[in-house]
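The structure appears below as structure tokens.
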There are 2 protein chains.
Amino acid sequence: MPRMKEKTAIPPEADFEVQPTRARILEVGERLVQVRGFNGFSYADVAGELSMTKASLHYHFPTKADLGEAIIARYAGRFFEALAAIDGELTHAPAKLSAYAELYADVLRDERMCLCGMLAAEYDTIPSRMRDAVVGFLDDNESWLAAVLEHGRHDGSLSFAGTSSVTARSIVSGLEGAMLVARPYGAVERFETAAKQLLASLAGT
Amino acid sequence: MPRMKEKTAIPPEADFEVQPTRARILEVGERLVQVRGFNGFSYADVAGELSMTKASLHYHFPTKADLGEAIIARYAGRFFEALAAIDGELTHAPAKLSAYAELYADVLRDERMCLCGMLAAEYDTIPSRMRDAVVGFLDDNESWLAAVLEHGRHDGSLSFAGTSSVTARSIVSGLEGAMLVARPYGAVERFETAAKQLLASLAGT
DNA sequence: GTCTATAACGAGATAGAC
DNA sequence: GTCTATCTCGTTATAGAC
């Protein structure tokens, strides 16, 4: 007799409820923020895509600020899972940086802006808890990169002037800017070229 | 007896009409787009700041798209005037690049985002003529930078791998990204450090 | 050229039935 | 949990007086 929380062989999809409503809302909302911005989409847009009513959305997320916060939290969670996966799979610092840049490229291939880059542009108009989450996301990115940079400098695979922290910031801003500018052209190559050049400038001796 | 259009010693301010209404609208609108985004401000915001009614704004700019187009045109005009001034005052390529970065820094010190960087983020939601103007602005920036880079490489004051065009794009995206990320922190130093590092990587042999 | 007044619509949000 | 119905407010935009 299965105890509570015991895993079974039956995958969640067998529930005939592929994804709970809350998760589907977050998925659609995330994409809309990345493509149109937080000020560029409405509850009606989300409801329309999910064929449900605005009122139902408000049951799951009472205010748009609640929805926005949850979108960032989900995004950040997945992003840092991806960074943990990179840490688990790769040890060579330059390879980690390439994998990091590839995360951005994947977002751009989906015709989206980095969620937090988009929200950074809209910073002055978003709810304050969302602001804090954006800054936290950027800080955590820099910390992860700084650790990689420090490691790479130590083993000679990377070389750069200044602190690892400052260089980490240059990487974040360089990649965010490359996404920002590449998107109006619909040209992922623009991003890839800029990213390649940016990482090449950190090549070890 | 003064002929038409002949210049007088009386400055325009003596007209007791310091700036025509149209120009004041554009000035306020420009700042609002740079701070809050095109989707983040309304005719009511502009009207409020100028102590006039929304209806009067519509007399000067029938639609918000008209206003947006005019804002970009004015901004681009002033920006390229500034580039022409740089060309007139400086010949050393690295000095020109520093002056170029300083234009960005000045915008950021005013707590604004680059107009076209902001509109690049909102790209998918802005009127099509505004989109074209944004891309044109980016193209013209790259052209100017590419010319400076080409010149600097020729006289040995600059050194970089790849074409001047690709490197120009890296500069634009690097500076735009540095602005984007620095603004949530309200920290101009973040931008300055990133810009310095970016330009230093182009130092000549 | 600026105003009052208002139209027409979409936004975020709530009440209450099912 | 999802719906219908509605509220309130803000938005872009227009008509017409001054």
- Task: Whole angstrom is fine here: how far is it from OH in B:Y59 over to C1' in C:dT4?
- Result: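 To the nearest whole Å, that distance equals 18 Å.
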- Any ion pair linking A:E189 and A:K196 (charged N to carboxylate O, less than 4.0 Å)?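 No salt bridge links A:K196 with A:E189.
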Who passes ring pair (Phe, Tyr, Trp, His ring centres under 6.0 Å) against [X], sequence neighbours left out?
X      : value
B:F80  : B:F137
B:F191 : none
A:H58  : A:Y43

- Go through DNA chain D in 5' to 3' direction and return only the first and the last nucleotide with some atom under 4.0 Å of chain B's heavy atoms.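 The contacted stretch runs from D:dT11 to D:dA15.
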- Message: I need the full list of salt bridge (charged side-chain N to carboxylate O under 4.0 Å, His left out) pairs touching residues 27-45 of chain B, with sequence neighbours left out, sorted by first then second residue.
- Response: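 Those involving residues 27-45 of chain B are B:E30-B:R74, B:E30-B:R78, B:E30-B:R112, B:R31-B:E49.
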Using side chain to side chain donor-acceptor pair (under 3.5 Å) as the criterion, list what pairs up with [X], not counting sequence neighbours.
X      : answer
B:S201 : none
A:S159 : none
A:D140 : none

May I have the list of side-chain donor-acceptor pairs in residues 113-123 of chain A shorter than 3.5 Å, sequence neighbours left out?
residue : atom : partner : partner atom : Å
A:E122  : OE1  : A:F38   : N            : 2.7
A:E122  : OE2  : A:F38   : N            : 3.1
A:E122  : OE2  : A:N39   : N            : 2.9

Extract from the structure each pairing of a protein N or O with an N or O of nucleotides 13-15 of chain C at less than 3.5 Å, listing the distance.
residue : atom : partner : partner atom : Å
C:dA13  : OP2  : A:K64   : N            : 2.7
C:dA13  : N7   : A:H58   : NE2          : 3.2

- Task: Mind listing the residues from residues 24-42 of chain A sitting with a heavy atom below 4.0 Å of DNA chain D? Number order is fine.
- Result: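 Result for residues 24-42 of chain A: none.
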Would you tabulate the side-chain donor-acceptor contacts of residues 90-100 of chain B under 3.5 Å, counting partners in other chains and residues two or more places apart, or write 'none'?
residue : atom : partner : partner atom : Å
B:K96   : NZ   : B:D87   : OD1          : 2.9
B:S98   : OG   : B:P94   : O            : 3.3
B:Y100  : OH   : B:Y104  : OH           : 2.8
B:Y100  : OH   : B:N141  : OD1          : 2.5

